[in-house]
Amino acid sequence: MAMDKIFNAAEAEGRIYDAWEKAGAFKAGANAKPGAETFSIMIPPPNVTGSLHMGHAFNNTLQDILVRWHRMRGFDTLWQPGQDHAGIATQMVVERKLAAEGQPGRRELGREKFLEKVWEWKTHSGGTIINQLKRLGASCDWSRNAFTMSGAPGAPEGEDGNFHDAVIKVFVDMYNKGLIYRGKRLVNWDPHFETAISDLEVENVENPGHMWHFKYPLAGGETYTYVERDEDGTVLFEEERDYISIATTRPETMLGDGAVAVHPSDERYAPIVGKLCEIPVGPKEHRRLIPIITDEYPDPDFGSGAVKITGAHDFNDYEVAKRGNIPMYRLMDTKAHMRDDGAPYAEAAKRAQEIANGADFTVEEVDALNLVPDHLRGLDRFEARKKVVEEITHEGLAVMVPENDPRLGKAAHTPVAPEEGGDPRDESYVPLVESKPIMQPFGDRSKVVIEPMLTDQWFVDTSKIVGPALEAVRSGETTIMPESDRKVYFHWLENIEPWCISRQLWWGHQIPVWYDEDGNQYCAASEEEARAMAGGKPLSRDEDVLDTWFSSGLWPIGTLGWPEDTEELKKYFPTDVLITGFDIIFFWVARMMMMQYAVVGQKPFSHVYVHALVRDEKGKKMSKSLGNVLDPLELIDEYGADAVRFTLTAMAAMGRDLKLSPQRIAGYRNFTTKLWNAARFAEMNGATGSDRQVPQPTATVNKWIVGETAKVREVVDDALAGFRFNDAANALYAFVWGKVCDWYVEFSKPLLLDGDEATRAETQATMAWVIDQCLILLHPIMPYVTEELWGTLGAREKMLVHADWPTYTASDLVDPQADREMNWVIALIESVRSARAQVHVPAGLYVPLLCTELDDAGQQAWDNNEVMIKRLARIESLSRVDALPKGCITVAAEGGSFAMPVADLIDVAEEKARLEKTLGKLEKELGGLRGRLNNPKFVASAPEDVVEEARENLVLREEEEGKLRAALQRLAELG
RNA sequence: GGGUCGUUAGCUCAGCUGGUAGAGCGCUUCGUUUACACCGAAGAUGUCGGGGGUUCGAAUCCCUCACGACCCACCA
């Protein structure tokens with residue numbers, strides 16, 4: 001049956017993938033040689049909510065290449081797939097779905113019912129990305145597909161793995177070792193999802209904002225002399241003040257101030273340190289007084305040099321408050337609305353005043369106090385901010401400056417006229433509100449401003465487990481590529497902060513800690529155990545679940561059955577390579593390193609290959625909001641999975657962003673077509689069904705291509721071994737297109753069509769073998785076309801996916817004689833074609849070739865390859881002559897001089913120009929060579945082979961130069 | 001503010017441990033020769049960001065400047 005002219009990817013891909021799966025081709029250990037080494041890769045588990053994007057396509061293509069390559073080489077290979085339960089993302093998706101369907105919401109359903117809904121959703125919609133990965137051609141062992149919530153309470157049938165057991169066991173063990181603790185800390189609070197999140201889940205974004213300046217009046221109307229001096233102590237400014245000036249970007253938090261801090265060395269405020277000042281907001285009759293304290297934190301050169309301390313709503317203030325035993329008043333609820341609980345303001349303020357005056361207090365008591373004035377209670381924090389600013393300004397306690405004060409910036413704001421007070425000096429004074437960019441923290445999923453919040457959370461004491469993770473990379477036990485990411489890894493781990501692992505969500509691994517009535521903790525793998533520990537006291541379980549990354553941190557062991565001592569764990573752990581994007585080095589890579597060492601005392605993987613981000617053709621990050629997203633599935637539909645994979649591979653140079661354009665993919669789709677047609681040519685000429693033996697041909701071309709094949713095999717193996725995926729892809733592209741298609745197929749035509757029986761048979765066998773080698777070597781990158789051709793071109797014992805990867809070497813198969821000869825032939829053909837084209841000899845015209853001199857090697861090369869040269873260079877005949885007739889175009893070859901007598905065809909001036917141009921280039925080269933060789937220092941200090949090479953080069957170039965000059969000479973005689 | 005990376009042909013990028021610059025796309029001219037027009041043949045284009053230095057020799061190593069990107073960070 002005749003083959004089509006192109007590969008029908010859309011038709012073939014599904015069929016081929018099914019065949020692979022049916023054959024169990026991807027199963028762990030499939031195609032392993034007896035006693036083989038193992039090779040294992042853990043897939044970075046995509047979120048169950050995820051769908052395949054370009055980053056996944058890239059990431060998984062690279063993994064698949066390594067996996068297929070090892071599997072073909074006979075390793076005992078495992079590519080472990082699975083999904084992550086993705087706490088926040090999944091809970092969000094299900095809640096949205098419930099809302100869209102008009103079903104009862106999460107809170108109405110209650111925890112248990114809601115979780116049922118999540119599992120339901122997971123069962124029906126959680127497999128999307130698996131099918132998408134299959135379309136890419138990912139050869140994961142799907143029979144082992146894992147899920148980070150498998151085996152959790154409430155998990156339905158089919159989700160009965162033991163990942164949950166692993167997570168719980170790790171928590172309990174770490175708790176017992178003192179590596180996990182609970183405490184009231186200031187954490188990043190996401191008011192949208194109403195949960196704590198870790199530092200890593202916060203994105204700091206610069207936005208235009210304001211900084212207000214307010215006056216905190218001194219208690220009892222006290223005054224002091226405020227003096228500013230320059231470095232020499234000269235007085236710049238001096239006035240009597242009854243207030244201290246405070247700058248803030250968050251006026252609403254003033255309600256929770258516990259103190260005002262100045263730097264101990266700041267002489268401006270020295271007279272008032274230790275005194276009390278008044279928070280200029282809230283009901284007048286209950287104005288709170290707070291102490292002015294000293295702390296190293298305030299920078300005297302920034303703003304007024306005085307900082308308000310709100311320990312419960314700012315990370316810096318929190319530290320200051322801890323140092324100074326300043327009460328931390330929490331102002332907001334879980335939605336970041338101003339608190340609306342507890343006693344009325346007057347009562348709370350009274351107690352706060354006692355504390356400010358020195359009364360003893362506890363953290364719990366302070367946290368219970370609601371210092372939000374009654375009329376602000378329940379307001380959104382931004383609403384409250386507006387009100388606070390208004391009230392203070394109206395009262396005349398904003399710092400006033402002239403309208404033209406540079407600090408005001410360009411942004412106009414309506415000055416609020418003071419009802420009383422204000423600055424008496426000039427009516428045109430306005431409140432000092434600086435417009436400036438402010439760094440604000442946002443939740444990476446909610447996109448809502450994060451609120452620092454004082455809450456009880458669970459933490460991993462990372463400082464205690466970070467050591468081995470650092471040491472492993474320092475010592476090279478685990479390597480991280482590229483180097484720059486290794487530095488990033490170190491930098492982060494060397495400055496590691498405690499990891500907040502509790503989330504106020506429902507979808508996740510619930511923390512295995514129970515409390516009795518007195519608040520004592522019982523950490524155990526089950527409620528029964530906890531109860532036993534508590535001596536039968538009534539217990540209630542901690543409501544929180546664990547950060548998703550806590551469980552994905554256990555991915556390498558959890559997917560292999562730990563804590564059970566499984567065969568797989570013994571065989572495939574530690575894994576060999578982790579391939580991942582730089583964006584999750586901290587989230588995932590670093591945590592896996594820490595956790596695996598903490599739990600099983602071993603590295604999770606030997607190599608980490610960090611790849612770049614896929615961007616659009618303009619270098620922009622692909623994002624839905626920008627609308628520049630390239631959907632890998634659409635691209636696969638249009639160009640085929642092989643083209644998409646090859647493109648990503650060819651562009652996978654380490655360390656840089658990868659800008660993807662459809663045009664590029666089309667180019668590699670053309671490459672698959674090229675390969676297809678080479679195979680088609682082979683098939684049409686009976687060059688199929690290689691018997692897997694390396695051919696031992698006699699014809700030079702055949703010897704040559706066998707050697708070229710061996711060379712590229714070595715290049716590909718070396719490249720893949722070094723994770724230089726692009727080098728492998730480019731070498732194969734150059735070989736298949738540039739060597740096999742451009743030359744070998746062309747050379748073979750006269751042999752196959754007109755050669756004698758033996759030559760034909762030999763060429764068929766060689767070509768069949770070469771094409772097979774192309775398919776084998778390309779298979780890891782382009783699995784579909786290659787598998788299809790493999791099946792088409794012969795009856796095989798095994799599918800290509802399990803074909804034996806070759807081990808022949810260049811030193812075995814390269815015939816230096818054949819190599820030289822073919823290079824000579826190719827150079828001659830190229831020279832003839834070039835000369836013809838430049839003087840416009842009609843492309844189809846066969847012309848005679850004259851030869852004035854030709855050495856033995858050249859003669860032999862000609863004789864061995866005459867038919868091929870004649871065909872490809874369009875030569876009619878070769879004759880030896882003593883002198884060239886007038887009007888020739890000359891062609892130089894190593895060891896020979898050729899010419900084409902085409903006097904009636906050529907334009908003398910054009911030919912002259914051609915020769916001169918060539919000569920010009922040559923001369924430049926000669927100049928460089930002579931310059932170097934005439935330099936005694938070069939000859940003395942350069943390595944011998946370099947000098948030798950230069951010498952040889954010089955001889956060759958000079959020979960060429962001579963021929964060109966002779967040709968010009970003849971031309972001159974003609975003209 | 002700290003860190004990392006980048007600046008090479010019109011575009012997108014390769015160039016490992018220094019030996020004198022490459023690929024793909026695009027462009028120009030020619031071509032339908034029995035694998036392929038998703039093709040073939042022949043071409044053109046670079047003071048390798050600027051400036052110093054080390055070296056016989058630097059796109060490649062060092063210093064410096066400029067521009068760009070990304071990551072981290074508490075300046076109220």
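Below, chains carry the letters A, B, ... as their sequence lines are ordered, and counting in each starts from 1. Because the structure is predicted, anything quoted here is derived from the model rather than measured.
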Review point. How far does the P atom of B/rC62 sit from the matching atom of B/rG19, given to the nearest Å?
Key: 15 Å

Check your understanding: When we call it a touch if two heavy atoms are under 4.0 Å apart, what does A/Y297 touch: a base, just sugar-phosphate, or nothing?
Key -> base

Practice item. Check whether any side-chain nitrogen or oxygen of A/K487 sits under 4.0 Å from OP1 or OP2 of B/rC5, and answer yes or no. Key: yes

Review point. Which part of the nucleic acid, if any, lies within contact of A/K870, taking any heavy atom under 4.0 Å across all strands shown: a base, the sugar-phosphate backbone alone, or nothing?
Key: nothing

Check your understanding: Counting N and O atoms only, with roles assigned by atom type, does the side chain of A/N8 sit under 3.5 Å from a partner on the main chain of A/E11, one being a donor and the other an acceptor?
Key -> yes

Check your understanding: Counting only N and O atoms by type, is there a donor-acceptor contact under 3.5 Å from the side chain of A/W676 to the main-chain atoms of A/D4?
Key -> yes

Exercise for review: Would you indicate, yes or no, if B/rA41 has its OP1 or OP2 atom less than 4.0 angstrom from a side-chain nitrogen or oxygen of A/W743?
Suggested key: no

Check your understanding: If each of A/N730 and A/P943 is mapped to the nucleotide of RNA chain B with the nearest heavy atom, which maps nearer the 5' terminus, i.e. the 5' end?
Key -> A/N730

Check your understanding: Between A/K674 and A/T672, is any side-chain donor less than 3.5 angstrom from a side-chain acceptor?
Key -> no

**Study point:** Backbone N/O of A/L331 and side chain of A/H313: donor-acceptor pair under 3.5 Å
**Key:** yes

Revision key, fill the gap. Separation between CG (A/D317) and OG1 (A/T253), nearest 0.5 Å, reads 7.5 Å

Check your understanding: If you take atom types as modelled and just measure distance, does the side chain of A/K674 reach the base of B/rC36 with a donor-acceptor pair under 3.5 Å?
Key -> yes

Check your understanding: Ignoring hydrogens and geometry, is there a side-chain-to-backbone donor-acceptor pair from A/N495 to A/H491 under 3.5 Å?
Key -> yes

Review point. Is A/K917 touching bases, backbone alone, or none of the nucleic acid, heavy atoms closer than 4.0 Å?
Key: sugar-phosphate

Practice item. Write down the distance separating the P atoms in B/rG10 and B/rC36, rounded off to the nearest Å. Key: 36 Å

Point to revise | A/H210 and A/E434 side chains, donor-acceptor separation under 3.5 Å | key: no

Practice item. Could you check which residues of residues 301-316 of chain A get a heavy atom under 4.0 Å from RNA chain B? Sort them by number, please. Key: A/F302, A/G305, A/V307, A/N316

Review point. Do A/R932 and B/rU20 share a donor-acceptor pair, side chain to base, under 3.5 Å?
Key: yes

Point to revise | Sugar-phosphate only, base, or nothing, as touched by A/R664 at under 4.0 Å among non-hydrogen atoms | key: base

Review point. Could one point to a donor on the side chain of A/E434 or the base of B/rA76 with an acceptor on the other under 3.5 Å away?
Key: no

Point to revise | Residue pairs involving residues 826-844 of chain A (criterion side chain to side chain donor-acceptor pair (under 3.5 Å); sequence neighbours excluded) | key: A/S834-A/Q838, A/H840-A/E910

Check your understanding: Dot-bracket for RNA chain B: what is it, with Watson-Crick or G-U pairs under 3.5 Å, [ ] where a pair crosses earlier ones, and | for a pair to another strand?
Key -> (((((((..((((.....[..)))).(((((.......))))).....(((((..]....))))))))))))....

Review point. When all nucleic acid strands are considered with a 4.0 Å heavy-atom cut-off, which category describes A/N935: base, sugar-phosphate, or nothing?
Key: sugar-phosphate

Review point. So what does A/S941 hit on the nucleic acid, given a heavy-atom distance under 4.0 Å: a base, only sugar-phosphate, or nothing?
Key: base

Practice item. Under 4.0 Å between any heavy atoms, over every strand shown, what does A/P842 touch: base, sugar-phosphate, or nothing? Just pick one. Key: nothing

Check your understanding: Quick one: is A/N670 getting a side-chain N or O under 4.0 Å of the B/rC36 phosphate, OP1 or OP2?
Key -> no

Review point. Parallel under 30°, tilted from 30 to 60°, perpendicular over 60°: which one fits the rings of A/Y609 and A/F725?
Key: perpendicular

Practice item. Give A/P936 one of three labels, base, sugar-phosphate or nothing, depending on what nucleic acid heavy atoms sit under 4.0 Å from its own. Key: nothing

**Study point:** Nearest-nucleotide 5' precedence on RNA chain B, A/E830 against A/R874
**Key:** A/R874

Check your understanding: Is it true that a side-chain atom of A/R268 and a backbone atom of A/P300 form a donor plus acceptor pair closer than 3.5 Å?
Key -> yes

Check your understanding: For the side chain of A/R669 and the base of B/rC38, is some donor closer than 3.5 Å to an acceptor across the two?
Key -> yes

Practice item. Consider the side chain of A/T673, meaning its heavy atoms from C-beta on, and name the nucleotide among B/rC36, B/rG43, B/rG40 that approaches it most closely. Key: B/rC36

**Study point:** Distance below 4.0 Å between A/Q663 side-chain N/O and B/rG24 OP1 or OP2
**Key:** no

